[in-house]
Structures are given as structure tokens and as C-alpha cells.
Number of protein chains: 2
Amino acid sequence: MPPKAKFTRAQLQTAALALVDRDGLGALSMRTLAATLGTGPMTLYNYVRDRGDLDALVVEGVMAEVKLPRDSGEWQRDVRAIVEATWRTVRCHPNVIPLVLTRRTLHETTLDWAEALLRALARSGRSGVDLLVAFRTVSGFVMGFAQAQLSDPLTPDEDQQDVARAQALPADRFPRLIEIAGAAAKLGADKEFRAGLDIVMAGLAR
Amino acid sequence: MPPKAKFTRAQLQTAALALVDRDGLGALSMRTLAATLGTGPMTLYNYVRDRGDLDALVVEGVMAEVKLPRDSGEWQRDVRAIVEATWRTVRCHPNVIPLVLTRRTLHETTLDWAEALLRALARSGRSGVDLLVAFRTVSGFVMGFAQAQLSDPLTPDEDQQDVARAQALPADRFPRLIEIAGAAAKLGADKEFRAGLDIVMAGLAR
DNA sequence: ACGTATTACGTACAATGTACGTTGTCAAGG
DNA sequence: CCTTGACAACGTACATTGTACGTAATACGT
């Protein structure tokens, strides 16, 4: 019965993700996305329930890019691999991080990700509430750290402007902040994240 | 010269925060806030640069409610106290969490908070990049965990609807997720958060 | 008393999400 | 083959958003 669908949900997904990657979250609207696809805004509603569903689509698109590793037997290696893989793809789409943090999605890609992390954590002997706590700690760490790192006004690795602004604030009140401001530029973002992960992993291993 | 200011930034702040607490983030707009204050939208621009500044004002209002503890000499006790105090106030304003995660602010309340956490962490012997990593790990954990806990579709402590939805998903593909779904209801949110903090603290203490 | 800077507020416009209606297109039943 | 009905594409229209701009009122320094 259908007169042939002109697009696909997957097409909307990649187009929306590309648009957000290039122009930021604020540039994603029904009209702009429809324009990039060469159609009107209302056409999109055949593939998406509402605007919120479009956001979920973008989140799902990012989560789908996470390459979940094979089970290696060593749970610590697996957890590290999952977390680092997540961080790598999230780092490729920094504009989407607020969405990933905020939008709750029950799509299978997100569920697969959660289940994989849970499976690895369960192999440390945890179950029930302990497993829940470990899961939330790790997943909260990934997104929280990534967001903190990529939106921290005091430590934007590329922007020297804000570093100068950090140096400008009263040194008697915020000595540690000033000390920190320079440290981020020295260490790379990758090493920085891995060092944070070391802390969490040490806590999990105890 | 001024014809008597009708309002204050602080008044906008408390009104906006109350509005967000009651009706959610989406209910905060220039017009709705102006309406609660009994005036027009444009009046607000005398106290706020633009809409983004209003968001920052709300974030700042929440951060100001965090009661930072006195230095006790034991850095672990201080870090715990700061983190738990943060979580307590954030828990009172769950709708603001996405904003706190997203909006970067350089206001003194946020800077005071950061400096206090840095001071406590520095007393563990860390400095430079180690201090930076520890800071981001802890601060990322707080917000990431809180957001994960309060917006997780699988474990909303009060809403039995979503728990049922979790039980409905295929048990052969997501066994751990189903196991977890029930665990959140058993443990309270407080205990859950504190258990997560235990993990991070153990990692910091190593 | 007067000028001037600053606030309060109304008007107006562009952009957004989307409810609704119309039109076109396919696939199956007579 | 023709009809019919379900679904997709798309246009129109409206409410709501942020805010640029202009006008009127106010309170102080001189």
C-alpha cells in the first residue's frame, strides 16, 4: 500500500548526525534537516514521532558507532576496552554529548552497550545492587568526564583565550584553579581520560 | 540616574529556579518567567544578557545552595563531604541537572566549589596533572552519576511503569539489565550514590 | 529646573515545533 | 482493467520562542 518511502530512518539519522557534528546542536531543527534532504519539514514526521524522537535518533546513531570488544576473559581488560571505545566515538561527536547525557533511550544499541558493560562488570563477581552501583559509576564517569573535559571553561586545549582568562582571576582566592588551568594543555586529552579511568578501575578492583 | 530597579538578579534567580523545579526545564522561557514576576519579557533583559545567561543564573543558583564543609584535615573526609553535599542539593533540583552538566559558568559560586574540591584533593599529595585528573574524575562522577540515576529509564525508583517495561524486554539478550532493573528499587538512591562514591574514593586512595 | 542616563515595557519579526488537510502513489480485490 | 483504500509527501497555518528596536517614564547631578 505504501507509495514507496522516499527516505529511511537511517538516512535521517546520518544526515542529522552530520549536521550536528558540523554546525552544533542548535543547528538541528526540523526545517534545517529537511532542507539538507531537499524536502519540507512535515515529511520528516513520517519517520520520526516528534522532535524528541529526532534527538533520540542522533544519540542512537552515536551509540551505534561504539565498537564493543569481544569478551577476553579478563573483566578489567573488557571494562577498559568498552569505556575507551565509548570515549573514542564520543570524542568524534563532541556536540552530541549533552544529548547522550540527557536523552534517555531504550533502543537496542544503547541496551546492547549497557548489557556489554554489565556483563564485563558481572565477571568481577558482582551481582544485584553491587552490579548496579558499579555500572552507574562507570557509565556516569564516562559521560561526566567527557562532558567536563570538553566543556570546561578553564581547560579548552585549543583555545588560549580561556586559559588567559583563568590566569586573570584572583590568585589568592583560586590558586589551585590557576595551577590546573595550565596542566590540561600539557597532558593530552587521551592520556587525561585514561588516567581518570585508571582511578575508577583501581576503585573497582579493590 | 536609575529610575529605581524593579527587580534584582537574585529575584530572577529564585523565581527561575522555582519555576524549573516545579514545571521542568522546558517551562522556563522569558515570557513564563516574566509572567510569574508580573511584567513583560523585555524587562528581564535589564538583568540578564540573553537567554543563555538566564540558564547560567539557574545553575549558579543551585551551586550556591551547596554547603561546602570546613576543612577537617583528613582529605578523604573532605572530598566525601563536598561530593555528598553537592549531590544532596542537586537531588533537590533534579530538573536542573542537564543544565549543570552542560552550561559552563565562571561565576564565583562555581569557582568556589571547584577550588574547595581541588584544595581537598591537593591534600592527598597530588599536584599538576594528577590533581587535574582527580578533579575531573570526581566532578565528572558526581554529575554523571546523578544524571544517570535520575534519568535512567530502567531504574526510576518511583515509577513502576518503566520497571515493567524493563521486564518486558527479551530476557535472553539482556539478562543483566533485567537483573539490575529490580535492584534499584531495593537500595535507596542515597545508599546507591554513596556506594558509587565508595568506589571512586577507593580509587583515589590507592 | 533641567538634562541625561538608565530602566520599564510595548511592538514587531524571524525561527521553531507541529496539527491539519490535500494530493499523489502504490498494491490488492472485483 | 478499473476501483478502492491505506499510506507517504507536502503545503498551509498557528502558537510559542528569543530578542532587536523604539518610546515613555524616572531619578539624580548640576
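Throughout, protein chains are lettered first and strands after them, A, B, ... in sequence-line order, and every chain is numbered starting at 1. Note that the coordinates shown come from a computational prediction; the quantities given were computed from them, not determined experimentally.
Listed pair A/Lys6 / C/dT25 fails the phosphate criterion, with no side-chain N or O lying under 4.0 Å from OP1 or OP2. Contact annotation: A/Arg51 reaches the phosphate of C/dG17 (side-chain N/O to OP1 or OP2, under 4.0 Å). Between C/dT7 and B/Tyr47, no contact under 4.0 Å exists linking OP1 or OP2 to a side-chain N or O. Applying the 4.0 Å criterion to OP1 and OP2 of C/dG17, one finds that A/Tyr45 has every side-chain N and O outside that range.
The nearest whole Å value for the distance from the CZ atom in A/Phe7 to the P atom in D/dC10 is 6 Å. Counting to the nearest Å, the C1' atom of D/dA8 and the CE atom of A/Met42 are 12 Å from each other. Between A/Arg31 atom CZ and C/dT16 atom C1' the separation is 6 Å, expressed in whole Å. Atom-to-atom, CZ of A/Arg49 to C1' of D/dA8 comes out at 18 Å; the value is rounded to the nearest Å. A straight line from CG of A/Leu37 to P of D/dC10 spans 11 Å, rounded to a whole angstrom. A/Met30 has its CE atom 16 Å from the C1' atom of D/dA9, to the nearest Å. The interatomic distance linking A/Leu44 (CG) with D/dC7 (P) rounds to 20 Å, in whole Å.
Classification of the A/Trp87-A/Phe193 ring pair by plane angle, with boundaries at 30° and 60°, yields parallel. Taking the six-membered ring for Trp and thresholds of 30 and 60 degrees, B/Phe7 and B/Tyr47 have ring planes more than 60 degrees apart, a perpendicular arrangement.
Among all heavy-atom pairs drawn from B/Gln13 and B/Gly61, the shortest one is NE2-N, 3.3 Å.
Note on the helix from C/dA1-D/dT30 to C/dG30-D/dC1: angle between the axes of the first and last five pairs equals 10°, rounded to 10 degrees.
B/Arg126 and B/Ser124 are linked by a side-chain donor-acceptor pair at a separation below 3.5 angstrom, with hydrogens and angles left out of the test.
Sequence order on DNA chain C of the closest nucleotides to A/Thr32 and B/Pro41 puts B/Pro41 first from the 5' end.
In this structure, the side chain of B/Thr102 does not engage the main chain of B/Leu99 through any donor-acceptor pair within 3.5 Å. A donor-acceptor pair under 3.5 Å links the side-chain atoms of B/Gln147 to the main chain of A/Leu101, judged by distance alone. For B/Glu179 (side chain) and A/Gly128 (main-chain N/O), a donor-acceptor pair under 3.5 Å exists by modelled atom type. Although no hydrogens or angles enter the test, the distance criterion places no donor-acceptor pair under 3.5 Å between the side chain of B/Glu84 and the main chain of B/Arg194.
As judged by a 4.0 angstrom heavy-atom cut-off over every strand, B/Thr43 is placed among the base-contacting residues.
Listed candidates were C/dC9, C/dT18, D/dC10. Nearest to the side chain of A/Thr39 is D/dC10. Comparing D/dA8, C/dT18, D/dT17 by their nearest atom to the side chain of A/Asn46 picks out D/dA8.
Less than 4.0 Å separates DNA chain D from no heavy atom of any residue of residues 12-22 of chain B.
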Side-chain atoms of residues 34-43 of chain B: list all donor-acceptor pairs with protein atoms under 3.5 Å, sequence neighbours left out, distances to 0.1 Å.
unit_1: B/Thr36; atom_1: OG1; unit_2: B/Leu33; atom_2: O; d: 2.7
unit_1: B/Thr39; atom_1: OG1; unit_2: B/Thr43; atom_2: OG1; d: 3.0

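A salt bridge between A/Arg173 and B/Asp112 is present, with a side-chain N of the basic residue lying under 4.0 Å from a carboxylate O of the acidic one.
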